[in-house]
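Taking it in order: structure first as structure tokens, then the write-up.
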Number of protein chains: 2
Amino acid sequence: MKANGAMTIGEAAARTGVPPKTIRFYEEIGLIAPAERLENRYRSYDEADIRTLRFIHRARGLGFSLKDIAALLALYRDRKRASREVKRLALARVAELDRKIAEMTAIRNTIADLAARCHGNNRPDCPILDELEAAAP
Amino acid sequence: MKANGAMTIGEAAARTGVPPKTIRFYEEIGLIAPAERLENRYRSYDEADIRTLRFIHRARGLGFSLKDIAALLALYRDRKRASREVKRLALARVAELDRKIAEMTAIRNTIADLAARCHGNNRPDCPILDELEAAAP
DNA sequence: CCTTGACCTTCCAGCGGCGGGAAGCCCCAT
DNA sequence: ATGGGGCTTCCCGCCGCTGGAAGGTCAAGG
């Protein structure tokens, strides 16, 4: 084992939760810098790379788009960043989520209402299909 | 104008809200039957087609997948259908929405919390980035 | 008659964010 | 020496469209 913490893509994947394929993909689209290569052309990752991958993994877990994450990563690396911009991105994401949640809730209630009025038996009559069939708005 | 209600793809699009490209796409993937053709090879739609397209449009508006819609359409056309199956699909969709809403709400609250603790000023310190940077779980 | 421009047709490409799988190295244990 | 696991590249497919290019067709207007 080497003195420094260099590791292969598989180990990096295991330590970050980001699958090897996804790591390569992130490299390909320029989200992360091209990895160092060993003599056998294997990619090699160090602790800084691990931190970056974990950062991305967590941000993805919060549903940020890769585009947003690119911006967040730039801010993360910028020691002189203003937290204003980070907060702006976060609040935009909250607003987006609020919109989607409201929309999905409305749809959910519509379908639940229809389903409640559907007997759900062997007979063909069904308010759900009736509603979908209804004339144009 | 013809005595029957035959119309072109553009008119069908205007009357259903489904864009021409999407109608062709639905035909291509077999969601709807291949349209009749005029002598000039233009697709021709009648009132039954319009009903089908509207049905699809509404179901999409409720977030059903095209796969689900294929099933719903089959049920819609089956005079002897049991409403049970329709209800099952609807309730499955409600459950799916409930899961997604819960997930998105949790994420929303996490981000909102972090944002609330971020000054959002010119200084670099920011709990949002700190959290994303944090060590593995 | 000719042109314009709005339709229509086909096909091909791409979005986001990967995942599957092929074909081929590389390295280690047996 | 052989087997197996990992690594490399590549390209395809998923969902549900959407945009664009290149061409046919039609009605109206000059």
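These numbers were taken from a predicted model, which means no experiment stands behind them. Naming: A, B, ... by sequence-line order, numbering from 1 per chain.
OP1 or OP2 of D/dT9 lies within a sub-4.0 Å distance of a side-chain N or O belonging to A/R37. Under 4.0 angstrom from either OP1 or OP2 of D/dT9 there lies at least one side-chain N or O belonging to A/R43. B/R41 has no side-chain polar atom (N or O) that falls below the 4.0 Å cut-off from OP1 or OP2 of D/dG23. Taking only side-chain nitrogens and oxygens, B/R24 comes nearer than 4.0 Å to OP1 or OP2 of C/dT9.
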N/O-N/O pairs, protein side and nucleotides 23-29 of chain C side, under 3.5 Å:
none

Nucleotide N/O of nucleotides 12-19 of chain C paired with protein N/O under 3.5 Å:
residue, atom, partner, partner atom, Å
C/dG17, OP2, A/L66, N, 3.3
C/dC18, OP2, A/Y26, OH, 2.6
C/dC18, OP2, A/R60, NE, 3.1
C/dG19, OP2, A/T22, OG1, 2.9

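Looking at heavy atoms from C-beta onward, B/I107 lies out of side-chain contact with B/T110 at the 4.5 angstrom threshold.
Here the shortest heavy-atom pairing between A/T8 and A/E11 reads N-OE1, 2.9 Å. Considering all non-hydrogen atoms of both residues, B/I128 and A/A90 come closest at CD1-CB, 3.6 Å.
Remark: C1' of D/dG16 and CG of B/L53 are 15 Å apart, rounded to the nearest angstrom. Taking atom OH of residue A/Y45 and atom C1' of nucleotide D/dT8, one finds them 12 Å apart after rounding to whole Å. In this structure, CD of A/E11 is placed 12 Å from C1' of D/dC7, rounded to the nearest angstrom. Computed from coordinates, the B/I23 CD1 to C/dC7 P distance equals 14 Å when rounded to whole Å. For the pair B/I9 CD1 and C/dA6 P, the interatomic distance rounds to 19 Å; values are reported in whole Å. Between the CG atom of B/D68 and the P atom of D/dC15 there is a distance of 12 Å, given to the nearest Å. Across the protein-nucleic acid pair, A/E39 atom CD and D/dC7 atom P stand 18 Å apart, rounded to whole Å. Rounded to an integer number of Å, the gap from A/E27 CD to D/dC10 P is 12 Å.
The local environment of CD in B/E47 is crowded, with over 12 non-hydrogen atoms from other residues, nucleotides or ligands closer than 6.0 Å.
Cluster membership for A/L91 and A/L97, using ILVMFWY side-chain heavy atoms within less than 4.5 angstrom, is not shared.
When only modelled atom types and interatomic distance are considered, A/S83 and B/D125 share no side-chain donor-acceptor pair under 3.5 Å.
Between B/K100 and B/E103 there is no salt bridge, since no side-chain N of the basic residue sits under 4.0 Å from a carboxylate O of the acidic one. Between A/R43 and A/E27 there is a salt bridge, with a side-chain nitrogen of the basic residue lying less than 4.0 Å from a carboxylate oxygen of the acidic one. Checked for salt-bridge contact, A/E96 and A/R93 meet the test: a charged N lies under 4.0 Å from a carboxylate O.
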